[in-house]
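Right, one structure below, let's go through it.
Both counts, for ligands and for their atoms, begin at 1 and track the order of listing. Please read these numbers as outputs of a predicted model, since none were measured by experiment. All values below were derived from every heavy atom in this structure, side-chain atoms included, with hydrogens, water molecules and symmetry-related copies excluded.
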Amino acid sequence: MPNDIRPQPGILDIALYRGGESSIPGLREAVKLSSNENPHGPSDRAMEAFRRAAHSLHRYPSTDHAALRAAIGSVHGLDAERIICGAGSDEIITFLCQGFAGPGDEVIHTEHGFLMYRISALAAGATPVAVPEADRTVDVDAILAACSPRTRLVFVANPANPTGTMLPADALERLAEGLPPQAILVIDGAYAEYAEGCDGGAALAGTRPNVVMTRTFSKIHGLGGLRIGWGYGPADIIDVLNRLRGPFNLSTAQQDAAEAAILDRDHTERCRNDNARMRAWLTAALNEIGVACDESHANFVLARFADAAEAEACDAHLKTQGLIVRRVGGYGLPQCLRITVGDEPSCRRVVHAIAQFRGLR
Ligand SMILES: *Cc1c(COP(=O)(O)O)cnc(C)c1O
């Protein structure tokens, strides 16, 4: 039967997001270093809270996430009234695009920026605008030059994925200060805990009318499988996002596990310290075998090869050794491989295998 069924404009321009690979055909045990997951997993207390939630599966969850927001507010020193929780920070990014950008509006992300910004902009009917970076680092002047009367949102991850580079707080402040009056700066702090002395954008989101910070439980809190994230910003912007949010967007298990996770500061601290130690080791070891990488402020390093062919060949070799890393051609970096900082044995294995690939061992 002929029909006129069509999706909204922009939807068919969305390329499906592909997560990091998680298995190698024919291999039972692979080391997964492709999705920036925490090698230590979540806090025991988070797992215990998750198990406890099994006893109340027949009850609807809290709609206002008050306990979780209070816990986040207390740990980060933030006003809980200005926090919104979502099914991963992805959902907060979606709300921001839905709430503030539509057909005819522009959403800025950077050349190597996180793919979800472009996807969410297109899903809202808006036009994503990619701005060049300078040597794999976000370029504030290039963003300001790309702003127009149609710019509604500017997304910057700090530290950035997949480059691992970051901007100092004063550069972000200059960006916020220079934006046109109708634009919001979104600072994505998914990796903020891994960076030395980084507040993830909390100070700017707490004081400026045009800055929102997003955070996640998927990385340092080791809860990627459970889908919890949050945002913080000016009360009027958070109010808009809450109107878009489904009343039951987070299950009791999600809320309780996240609350326990964030309150376990010792676990967070151990994961942060361990990552810093292994990240330094991995970076130095790669440099030693002639593989360049920028200084990373996150829980992964971006290894650069001569060209896309060498990166692909190295990836193929790593697979034969049971190691899964991330190709990042989709981020405009086909000559690179992104390697999550795993536990010590995994880091040693990946360096050994790359050295082997380069004929050094
Ligand atoms: C991993 C990641 C996130 C987290 O997404 P969730 O939806 O919270 O799992 C957000 N932003 C960036 C840049 C990331 O790499």
TODO: Answer yes or no: is there an ion pair linking Asp170 with Arg174, defined by an N-O contact shorter than 4.0 Å?
DONE: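 Not counted as a salt bridge, because no side-chain N and carboxylate O are separated by less than 4.0 Å.
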With the criterion set at N/O pairs under 3.5 Å, what does the list of contacts between the protein and ligand 1 look like, atom names and distances included?
residue  : atom   : partner : partner atom : Å
ligand 1 : 5 (O)  : Ser89   : OG           : 3.3
ligand 1 : 7 (O)  : Ser89   : N            : 3.2
ligand 1 : 7 (O)  : Asp90   : N            : 3.0
ligand 1 : 7 (O)  : Asp90   : OD1          : 3.2
ligand 1 : 7 (O)  : Asp90   : OD2          : 3.4
ligand 1 : 7 (O)  : Arg227  : NH2          : 2.7
ligand 1 : 8 (O)  : Ser89   : N            : 2.7
ligand 1 : 8 (O)  : Ser89   : OG           : 2.8
ligand 1 : 8 (O)  : Thr216  : OG1          : 2.5
ligand 1 : 9 (O)  : Ser218  : OG           : 2.6
ligand 1 : 9 (O)  : Arg227  : NH1          : 2.8
ligand 1 : 9 (O)  : Arg227  : NH2          : 3.3
ligand 1 : 11 (N) : Asp188  : OD1          : 3.3
ligand 1 : 11 (N) : Asp188  : OD2          : 2.6
ligand 1 : 15 (O) : Asn161  : ND2          : 2.7
ligand 1 : 15 (O) : Tyr191  : OH           : 2.6
ligand 1 : 15 (O) : Lys219  : NZ           : 3.3

- [ ] For Phe114, check ring pair (Phe, Tyr, Trp, His ring centres under 6.0 Å) against everything at least two apart and list the hits.
- [x]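 Phe114 satisfies ring pair (Phe, Tyr, Trp, His ring centres under 6.0 Å) with Tyr117 only.
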- [ ] Return the orientation label for the Phe357 and Phe305 ring planes: parallel under 30°, perpendicular over 60°, tilted otherwise.
- [x]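 Taking Phe305 first and then Phe357, their aromatic rings stand perpendicular (interplane angle over 60°).
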Open item on the list: Is it true that His297 and Glu196 share a donor-acceptor pair across their side chains at a distance under 3.5 Å?
Closed with: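 His297 and Glu196 do not have a side-chain donor-acceptor pair below 3.5 Å.
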Please set out all donor-acceptor pairs under 3.5 angstrom arising from side-chain atoms of residues 205-214, sequence neighbours excluded.
residue : atom : partner : partner atom : Å
Thr207  : OG1  : Ala203  : O            : 2.8
Arg208  : NE   : Asn210  : OD1          : 3.0
Arg208  : NH1  : Glu177  : OE1          : 2.7
Asn210  : ND2  : Ala176  : O            : 3.0

- [ ] Return the set of residues passing side-chain hydrogen bond (donor to acceptor under 3.5 Å, both in side chains) with Glu111 (not counting sequence neighbours), or none when no residue passes.
- [x]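 If we apply the side-chain hydrogen bond (donor to acceptor under 3.5 Å, both in side chains) test to Glu111, skipping adjacent residues, there are no hits.
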